[in-house]
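The block underneath contains the structure these notes are about, expressed in structure tokens.
The sequence lines fix the lettering, A, B, ..., with proteins before strands; numbering per chain opens at 1. No hydrogens, no waters, no symmetry mates; every other heavy atom, side chains included, goes into these values. Every value quoted in this text rests on a predicted model; they were computed, and no experiment measured them.
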Protein chains: 2
Amino acid sequence: MQMFFSKTCEYAIRAVIFIAQKSEGGRKVGIKEVAAGIDSPEHFIAKILQDLSKRELIQSSKGPNGGFYVDSSARSNTLADIVRAIDGEKIFKGCGLGLKSCSETKPCPLHNDFKEIRNKMQLTLQSATIGEFNENLNLGLSYIKER
Amino acid sequence: MQMFFSKTCEYAIRAVIFIAQKSEGGRKVGIKEVAAGIDSPEHFIAKILQDLSKRELIQSSKGPNGGFYVDSSARSNTLADIVRAIDGEKIFKGCGLGLKSCSETKPCPLHNDFKEIRNKMQLTLQSATIGEFNENLNLGLSYIKER
DNA sequence: AGAGTAAAAGATATTAGGGTCTTAATATAT
DNA sequence: ATATATTAAGACCCTAATATCTTTTACTCT
């Protein structure tokens with residue numbers, strides 16, 4: 001059920017971080033490896049990667065020795081870019097109580113509290129670039145896999 | 001699509017606040033009035049109110065002059081109680097990247113940032129009691145209706 | 001006691017998200 | 001050029017969330 005991001009978006013974030021890490025040395029990563037590396041259904045992540053590659057958040061090449069990778073310019077994308085691509089602006093913009101007309105001049109009862117939360121969220125996602133996660137992963141200080 | 005709470009939970013929060021406000025003087029509020037007052041589908045909110053009343057977050061009585069109301073003890077429930085009743089603990093507990101094994105000792109790359117966000121969320125919901133919203137609503141300083 | 005009113009309960013539809021599978025397209029190596 | 005590896009694309013299915021409708025139960029007033 002409910003969480004900050006959709007399941008699709010969760011997988012997308014994990015996958016991009018994973019691919020960025022693995023492709024750092026120039027090699028490419030296959031779908032099977034991604035699925036295994038982040039514990040996701042293979043066909044489902046394939047779908048998501050297609051989408052991410054169309055939006056140029058990751059790169060891909062077909063054929064033997066093909067696979068997915070993250071080039072150096074894409075490494076400077078932030079997590080916010082991924083979330084925006086998959087889940088849209090809602091997490092940054094929408095009213096916590098689902099009111100379309102909620103605004104500064106016509107706030108819902110939680111408007112101000114949620115503004116803070118959203119700002120913190122935005123700051124977090126905006127300031128974390130894809131490239132930055134590699135080191136902690138390599139050092140085993142953080143994880144993107146269940147087991 | 002994605003937001004902090006499920007649609008059901010959004011309606012639930014708005015409805016409880018609405019009923020608390022309207023029933024402050026002791027009168028009871030019918031389903032139709034609730035639906036109109038918070039812009040929700042009538043039959044859907046009926047379902048949700050049933051549930052809330054079973055969980056004693058609101059009270060109800062049948063028959064003529066019946067309806068829903070919030071008694072004084074229920075007024076001291078917090079928004080967190082409503083969210084917990086409808087959406088469960090996920091918003092307070094779950095990992096932002098959907099990892100079941102995410103923890104202090106095996107954190108996902110966003111673990112610490114999300115901990116802050118969740119804490120702020122919990123604090124917000126925990127410290128706001130149902131009864132507290134009436135005044136701002138009455139003064140027209142906040143709104144729970146679209147139009 | 002009976003009529004009428006209102007919520008409770010439950011059965012049924014609709015939609016969107018999540019997930020799977022199959023076929024097509026493309027690049028590479030030989 | 002052909003075979004093969006690999007992603008791209010799209011059709012399809014399942015489940016849970018969302019929403020609606022109908023029937024039952026309970027209460028109140030006369």
Side-chain angles (χ1 to χ4, degrees), chain A residues 1-16 19 22-23 27-36 38-70 83 86-88 90-91 98, chain B residues 1-16 19 22-23 27-36 38-70 83 85-88 90-91 97-98:
Chain A
M1 201 199 267
Q2 212 64 21
M3 195 48 30
F4 294 114
F5 310 123
S6 68
K7 217 92 194 73
T8 305
C9 192
E10 288 175 0
Y11 285 139
I13 294 172
R14 288 201 263 154
V16 173
I19 295 170
K22 294 299 180 190
S23 69
R27 82 179 180 86
K28 289 162 190 166
V29 192
I31 287 180
K32 283 192 179 58
E33 189 180 350
V34 174
I38 67 171
D39 284 309
S40 68
E42 188 180 319
H43 289 102
F44 191 35
I45 197 65
K47 205 73 185 277
I48 297 170
L49 293 182
Q50 262 175 49
D51 201 35
L52 289 170
S53 123
K54 215 177 326 182
R55 293 167 187 276
E56 304 191 314
L57 290 163
I58 61 176
Q59 285 67 45
S60 74
S61 66
K62 294 183 180 181
N65 303 319
F68 296 93
Y69 59 102
V70 183
V83 173
I86 306 288
D87 279 350
K90 289 159 230 77
I91 198 101
Chain B
M1 203 198 270
Q2 211 63 21
M3 193 51 30
F4 295 113
F5 310 123
S6 70
K7 215 93 194 73
T8 305
C9 191
E10 288 175 1
Y11 286 139
I13 294 173
R14 289 201 261 153
V16 173
I19 295 170
K22 294 299 180 189
S23 69
R27 82 179 180 86
K28 290 162 191 165
V29 193
I31 286 180
K32 282 192 180 58
E33 188 180 352
V34 175
I38 67 171
D39 285 309
S40 68
E42 187 180 321
H43 289 101
F44 190 36
I45 197 65
K47 212 52 185 285
I48 297 169
L49 293 182
Q50 261 176 49
D51 200 37
L52 289 170
S53 122
K54 215 176 323 183
R55 293 166 186 275
E56 304 191 315
L57 290 163
I58 62 176
Q59 286 66 44
S60 73
S61 66
K62 294 183 179 181
N65 303 320
F68 296 93
Y69 58 102
V70 182
V83 173
I86 306 285
D87 279 349
K90 291 160 228 75
I91 198 99
L97 297 186

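Looking at A:D51 and A:R55, a side-chain N of the basic residue comes within less than 4.0 Å of a carboxylate O on the acidic one, giving a salt bridge.
Taking only side-chain nitrogens and oxygens, A:S60 comes nearer than 4.0 Å to OP1 or OP2 of D:dA8. The side chain of B:S61 contributes no N or O atom lying less than 4.0 Å from OP1 or OP2 of C:dA6. Proximity of A:T8 to the phosphate of C:dG18: a side-chain N or O atom is located under 4.0 Å from OP1 or OP2. The phosphate of D:dC29 (OP1 or OP2) has a side-chain N or O of B:N65 nearer than 4.0 angstrom.
Side-chain atoms of B:Q50 and base atoms of C:dA9 include a donor and an acceptor less than 3.5 Å apart.
Rounding to the nearest 0.5 angstrom, the gap separating the CD1 atom in B:I48 from the CG atom in B:L57 is 13.0 Å. Residue A:I13 holds its CD1 atom at 11.0 Å from OG1 of A:T8, rounded to the nearest 0.5 Å.
With distances taken from any side-chain atom of B:I31 to the nucleotides C:dA9, D:dC21, C:dA7, the minimum falls on C:dA7. Comparing D:dT20, D:dA26, D:dA8 by their nearest atom to the side chain of A:S53 picks out D:dA8. For B:F44, the listed nucleotide lying nearest its side chain is D:dT18; candidates were D:dT22, D:dA8, D:dT18. The side chain of B:P41 lies closest to D:dT20 when the candidates are D:dT20, C:dA27, C:dA7.
As rounded to whole Å, 13 Å separates atom C1' of D:dT28 from atom NZ of B:K62. The separation between B:E42 atom CD and C:dA6 atom C1' is 11 Å, rounded to whole Å. If you take CD of B:Q59 and P of D:dA26, they are 19 Å apart, rounded to a whole angstrom.
Counting any heavy atom pair closer than 4.0 Å across all strands shown, A:V34 reaches no nucleic acid atom. Among the protein residues, B:L49 comes within range of no part of the nucleic acid, since none of its heavy atoms lies under 4.0 Å from any strand. Heavy atoms of B:K28 sit nowhere under 4.0 angstrom from any nucleic acid atom.
Taking the side chain as every heavy atom from C-beta outward, B:I86 and B:L52 approach each other to under 4.5 Å. Contact annotation: the side chain of A:K28 approaches that of A:S61 to within less than 4.5 Å [non-hydrogen atoms, C-beta and beyond].
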